Structures are given as C-alpha cells and as structure tokens.
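Report on the structure given below.
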Amino acid sequence: MKCNKCGATLTDSSFCNNCGTNVKIYKKLISTSNALYNRGLEKAQVRDLSGAKDDLKNSLKVYKRNIPARNLLGLVYFEMGDVVAALSEWIVSKNYQPEDNIADKYIEAVQNNAGKLDAYNIALKKYNQALLYARTGSLDLAVIQLKKVLSIHDKFVSAHLLLALVAIQTNQIELARKELKKVLHIDRGNVMALNYFKETDLLRGKSADKKSSRISKDAVAYTSGNETIIQPKSVSEGGGRNVVLDILLGLVIGMAVCWFVFAPAKIQSANNTANQQVIEYSDQLEAKAATIDSITKELETAQAAATKAEAQAAEVTAKAEGYDALFEAQKLAQEEKYEEAATALAKVNAENLAETAKVIYDEINTKVNGTVIEELYKKGEESFKAGKYEEAKADLEKVVELNPEHDYAQYYLARSYEKLGDTANAKIHYQKVVELLPATTQRAQTAQAYLNANP
Amino acid sequence: MINFEEELKKFYPSLEVEQIEDNIHNKNLTDMVDLMEEMVKETKERH
C-alpha cells in the first residue's frame with residue numbers, strides 16, 4: 001500500500017513515514033475497497049456476475065485505483081457481452097497503472113481479433129435497433145433482430161433479457177424461458193432474469209393449476225424419496241375373483257393391442273419391405289433391359305457393318321471376276337475364238353469397270369459380237385437353206401438375241417418357225433421384219449402376207 | 001405481473017465500439033479517497 005500524498009510505501013503506522021500524512025482513513029478505504037473486490041471475486045467465481053459487478057463497482061467507488069477490481073470488472077462486463085464497457089474499464093486501468101498490468105493482454109486480445117470486434121459491433125448496433133423496435137411496438141421485428149444479434153454474439157445478456165421480455169409480452173413463454181435459462185447460465189444472480197423466470201412460472205402455472213386441480217380430485221399425492229407419486233383414489237385392493245377377472249381382461253386387452261397396434265405396424269413394415277424389394281427388382285430389370293437394348297443395338301450395328309462389308313467384298317470379287325473375264329475375252333479374241341470370247345465377255349459387268357478397262361471392253365465387245373453374229377447368221381442361213389430348221393432356229397435365235405435389229409436374221413428365224421409349224425413365234429419375228437424393213441421390200445411384203453393370213 | 005412498458009425502460013441502448021473514448025471521458029471517476037482528500041483540504045483551509 002502506498003501513500004496517497006507522496007507515494008511512499010506505508011507501514012502499520014497511521015502516519016506516512018515519508019511525508020507524515022495521516023493515512024488512517026485512507027487505509028480504511030483501501031481495506032474496504034479490497035474487501036468489496038474479494039466479495040466480487042467470490043461471486044464471479046460462482047458465476048453470480050451481477051452480484052460481482054455491483055461489488056466491484058462499489059469497490060471502485062471507494063478506491064478507483066484498485067487495479068485488480070477494475071480488471072475483474074472488465075472481465076465481468078466482457079463475459080456478459082458488454083464489450084464496450086469491458087474495454088473502457090481495461091483502458092482506464094491501464095491509464096492508472098501503465099506497467100505490469102494484465103489489462104494490456106485483455107485489450108490486445110480483443111483488438112487483435114478485428115473480425116470478432118467488428119462482429120460484436122454489428123451485434124451492438126442490431127441490439128439498439130431491436131430496442132427501438134420494441135419501444136415502438138414492432139415486437140415481431142424486435143424478436144427477429146434479437147435472434148440475429150444472439151446468433152452473432154450469444155453471450156450478450158441484455159439481448160437475451162430483452163428477447164425474453166418481448167417473448168413474454170407476445171406469449172411465447174417457452175422461448176422466454178429458453179432465453180432466461182441462457183442468461184442464468186452466464187449470470188446466475190441476474191435479478192431481472194430471475195424475476196422474468198418467476199413471471200413465466202406464473203404464466204405456465206395457470207394451465208398447470210388446472211391440471212393439478214383435476215389430479216387432486218381424483219388422486220392422492222405423496223412423496224417417496226425424491227419422487228412425488230400420484231395415486232388414483234379409486235385404486236383399492238380387490239378380491240381373488242376380481243384378480244382373475246383383471247388378468248383375463250388384461251390378456252384380452254393385450255391381445256387386442258397386439259392385433260390393432262402391433263400387427264398393422266408389422267404388416268405395414270412387411271409390405272414396405274416387399275415394396276422396397278419390388279422396386280429394387282424393377283430397377284434391376286430396367287437396368288438389364290437397358291443393357292439388352294444396348295447389346296441388341298450393338299449387334300444390329302455390327303450385323304449392318306458385316307452386311308456392308310460382305311457387299312463390299314462381293315463387289316470387289318465381282319470386279320475382280322469381271323476383270324478376269326475381260327482378260328480371258330481379250331485373250332480368246334486375239335486367238336480368234338470369238339464365240340468363246342463372247343461367252344467370257346457376257347460375264348463382264350461393264351458398269352464395274354474403270355474407264356480404261358471400259359474402253360478395252362467396248363473394243364472387244366464390238367469386235368467379238370460383230371464377228372460372232374455374222375458367223376452365227378451365216379450358219380443359221382445355211383442350215384435354213386439346207387432344210388435344217390431346228391439348227392437354223394437355234395443359231396438365229398442367238399443372232400437376234402445379240403442384235404435384235406438384224407433384219408435378215410429376224411426374217412429367216414420367222415421362216416424357220418413357220419416351217420416348224422410354230423405360228424406364234426413366226427408371227428413375232430415376221431412382225432419384227434415388217435417394223436425393220438420398208439414395206440416395198442420383198443421380205444416385208446412376205447411377212448405382211450403371213451401376218452394377214454394368220455391374224 | 002410484469003409491466004412491459006416499465007420493464008422496457010430498464011433497457012438502455014448499448015454503447016458501440018466507436019463510443020469507447022467518449023465513454024471513458026464521461027466516466028465519473030471520483031472515489032471516496034478523492035472525497036476524503038477534499039474534505040481534509042477544506043478542513044485545513046478553514047483552520
């Protein structure tokens with residue numbers, strides 16, 4: 001303890017050894033302030049923060065330089081959510097004792113966490129707004145705002161209390177009790193919270209009284225250990241007959257309960273399981289059907305590709321065969337085997353040939369066909385003149401097949417049929433003769449005469 | 001029964017962080033030691 005005048009350390013004496021000032025009352029005041037601080041500390045330790053706050057404030061009213069008391073008061077404010085008051089106390093404390101002061105650490109801890117300090121400040125502003133809402137009668141808005149405040153700063157005792165008060169006013173008793181419990185969790189000695197809690201008890205009691213009065217009429221309540229047992233008045237000891245009856249009745253009721261309560265639940269459960277299984281199987285079936293579809297499509301695509309490939313292969317083979325036949329025909333034509341060359345040439349599809357090959361094909365075709373036709377015609381005519389009509393018909397048929405506009409071949413063929421008695425075919429070829437030759441020619445007139453004679 | 005209006009009067013707007021400085025300046029920091037010193041001073045002046 002130091003002298004309030006000179007700052008020298010005081011002894012047990014009532015006077016300062018340095019300046020001689022009477023420090024008796026001063027010592028008493030310091031002692032009172034310390035006693036109040038100790039009481040405040042004890043209360044703070046058991047979370048009676050309101051009580052602690054009052055004692056610490058009184059301690060500081062007695063002696064404002066009581067640094068532990070001021071720092072503890074700051075801590076109590078901080079714990080109750082009043083950040084501004086807490087910081088104010090710590091700053092004042094630091095001002096009185098700049099060195100070796102724990103307030104330094106507290107201030108640093110708060111100021112270094114800028115985000116948290118900003119959040120506190122937002123919560124404070126919102127609280128002020130909520131208070132304004134409450135004062136102007138906008139209680140719903142006040143509740144919303146206070147809930148926001150507490151979501152940011154859940155130790156804000158004033159906000160909890162205001163929310164509880166508004167909740168009581170709007171008949172939200174459970175909400176009020178919840179908030180008050182939170183307040184009492186932070187500050188056990190909060191008089192306001194205790195009063196509000198009592199109020200909520202009263203409000204709840206009205207409905208509880210009704211229930212209890214109903215119980216009291218029909219029941220007898222007594223205490224056994226820590227439990228209150230309420231026994232209906234009508235309970236009485238029955239005779240043996242009643243016991244048997246009661247057991248039977250109990251069994252019947254039990255079975256009925258099983259049937260009406262548990263059985264439907266069991267059936268429902270079984271149905272649900274079955275339905276679940278059906279759904280699972282359906283899902284599996286759908287999945288498999290989808291897989292089958294996919295595989296079928298793949299198969300179709302593969303088959304189409306195979307068909308296309310086969311067609312391409314067949315085309316390639318046909319082309320190759322066509323070229324083989326063309327070469328064969330060329331070779332036979334060079335050997336002057338025109339008839340065989342014509343047969344080989346017949347196997348060639350000119351559309352499948354390349355341009356160069358097509359030119360060769362046309363050359364061979366012209367040469368071979370022309371020669372073959374003339375040879376065949378010659379043979380046919382000779383056979384006809386020799387009276388060998390069947391042979392003549394065979395050769396000349398080939399000629400008209402290769403060149404339908406060969407008028408002589410048509411004429412002799414018609415005559416061969418006529419000689420063979422095949423009027424129908426004779427008429428076909430005579431008709432051709434009439435079409436191919438001018439009407440003034442002998443052969444055309446002969447043909448026309450036949451046609452006229454065989455309509 | 002709680003009187004809502006009366007209870008509401010017990011709530012005050014909270015000081016915001018920007019107001020710390022003002023709060024400290026406006027604090028009445030006079031304690032009993034100050035009063036005692038003043039009384040001693042006055043007594044001395046009278047005599």
Side-chain angles (χ1 to χ4, degrees), chain A residues 4-5 21-22 25-26 28-30 32-33 59-66 81-89 91-92 95-96 110 117-118 120-132 134-135 139 149 156 158-159 161-162 165-166 168-170 192 195-196 198-200 202-203, chain B:
Chain A
N4 59 319
K5 281 280 176 194
T21 308
N22 187 340
I25 298 171
Y26 174 69
K28 268 265 186 238
L29 289 173
I30 299 286
T32 308
S33 176
S59 166
L60 292 170
K61 273 179 188 168
V62 175
Y63 181 50
K64 65 185 174 188
R65 290 173 193 272
N66 190 334
D82 197 345
V83 185
V84 174
L87 280 171
S88 301
E89 293 304 334
I91 289 167
V92 171
N95 193 49
Y96 285 137
V110 175
L117 192 61
D118 284 345
Y120 286 147
N121 206 23
I122 291 166
L124 296 173
K125 285 175 198 289
K126 284 183 184 292
Y127 169 77
N128 291 340
Q129 184 64 47
L131 184 59
L132 194 68
R135 282 178 179 167
L139 300 185
V149 171
F156 199 172
S158 298
L161 285 171
L162 184 57
L165 178 63
V166 175
I168 291 169
Q169 182 66 11
T170 52
M192 206 182 255
N195 279 337
Y196 291 168
K198 205 172 159 189
E199 180 71 17
T200 59
L202 285 171
L203 291 168
Chain B
M1 185 73 185
I2 282 177
N3 183 332
F4 180 68
E5 300 300 331
E6 288 301 316
E7 287 299 319
L8 211 52
K9 285 178 189 169
K10 295 177 187 172
F11 289 87
Y12 297 99
S14 178
L15 287 174
E16 292 165 18
V17 174
E18 300 85 12
Q19 295 170 304
I20 289 178
E21 206 176 321
D22 295 336
N23 182 44
I24 293 167
H25 285 145
N26 295 335
K27 240 180 189 342
N28 180 9
L29 290 170
T30 309
D31 61 358
M32 286 179 77
V33 174
D34 290 334
L35 294 174
M36 179 198 75
E37 281 172 353
E38 200 153 320
M39 281 168 69
V40 171
K41 196 178 164 188
E42 278 179 11
T43 312
K44 276 183 182 172
E45 278 172 3
R46 266 185 224 154
H47 296 288

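We name chains A, B, ... by the order of the sequence lines, and we start the count at 1 in each one. None of the values given here were measured: they were computed from a predicted structure.
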Could you state the interatomic distance from [atom1] ([X]) to [atom2] ([Y]), rounded to the nearest 0.5 Å?
X: B/Glu21; Y: A/Leu87; atom1: CD; atom2: CG; answer: 13.0 Å
X: B/Leu15; Y: A/Asp82; atom1: CG; atom2: CG; answer: 7.5 Å
X: B/Phe11; Y: A/Tyr127; atom1: CZ; atom2: OH; answer: 5.5 Å
X: B/Met32; Y: A/Ile30; atom1: CE; atom2: CD1; answer: 11.5 Å

query: How close do A/Ser88 and B/Ile20 get, heavy atom to heavy atom, and via which atoms?
result: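 Looks like OG-CG2, 4.0 Å.
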field: Heavy-atom closest contact (A/Asn4 atom, B/Val33 atom, distance)
entry: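 Heavy atoms of A/Asn4 and B/Val33 come nearest at ND2-CG1, 4.4 Å.
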Is the closest side-chain heavy-atom distance between [X] and [Y] below 4.5 Å?
X: A/Arg135; Y: B/Lys9; result: no
X: A/Tyr96; Y: B/Leu29; result: yes
X: B/Leu8; Y: A/Leu165; result: yes

query: Which one, A/Leu131, A/Leu124, A/Val62, A/Leu161, leads in non-hydrogen pairs under 4.5 Å with chain B?
result: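 With the most close heavy-atom pairs to chain B, the winner is A/Val62.
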query: Who among B/Ile2, B/Ile24, B/Leu35, B/Val40 has the most heavy-atom pairs with chain A under 4.5 Å?
result: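 The residue among B/Ile2, B/Ile24, B/Leu35, B/Val40 with the greatest pair count is B/Ile2.
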Pick one of side chain, backbone, both or neither for [X], based on which atoms fall under 4.5 Å of a heavy atom in chain B.
X: A/Leu139; answer: side chain
X: A/Lys61; answer: backbone
X: A/Leu162; answer: both
X: A/Tyr26; answer: both

Pair B/Asp34 + A/Lys64, salt bridge at N-O below 4.0 Å: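 Yes, B/Asp34 and A/Lys64 are salt-bridged.
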task: Can you tell which part of B/Glu37 gets under 4.5 Å to a heavy atom of chain A, answering side chain, backbone, both or neither?
output: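 The answer is the side chain of B/Glu37.
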message: Checking B/Glu18 against A/Asn121 for the side chain to side chain donor-acceptor pair (under 3.5 Å) test, could you report, in this order, the C-alpha distance in whole Å, the side-chain angles of both residues, the deciding distance, and whether it holds?
response: CA-CA 9 Å; B/Glu18 300 85 12; A/Asn121 206 23; 2.7 Å; yes
Partner residues of A/Tyr120 under the ring pair (Phe, Tyr, Trp, His ring centres under 6.0 Å) criterion, sequence neighbours left out: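 Applying ring pair (Phe, Tyr, Trp, His ring centres under 6.0 Å) to A/Tyr120 gives A/His153.
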task: Please say whether more than 12 non-hydrogen atoms of neighbouring residues, nucleotides or ligands are located less than 6.0 Å from NZ in B/Lys27.
output: yes
- prompt: Between the side chains of B/Ser14 and A/Asn128, is a donor N or O closer than 3.5 angstrom to an acceptor N or O?
  reply: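 No, no side-chain donor-acceptor contact under 3.5 Å.
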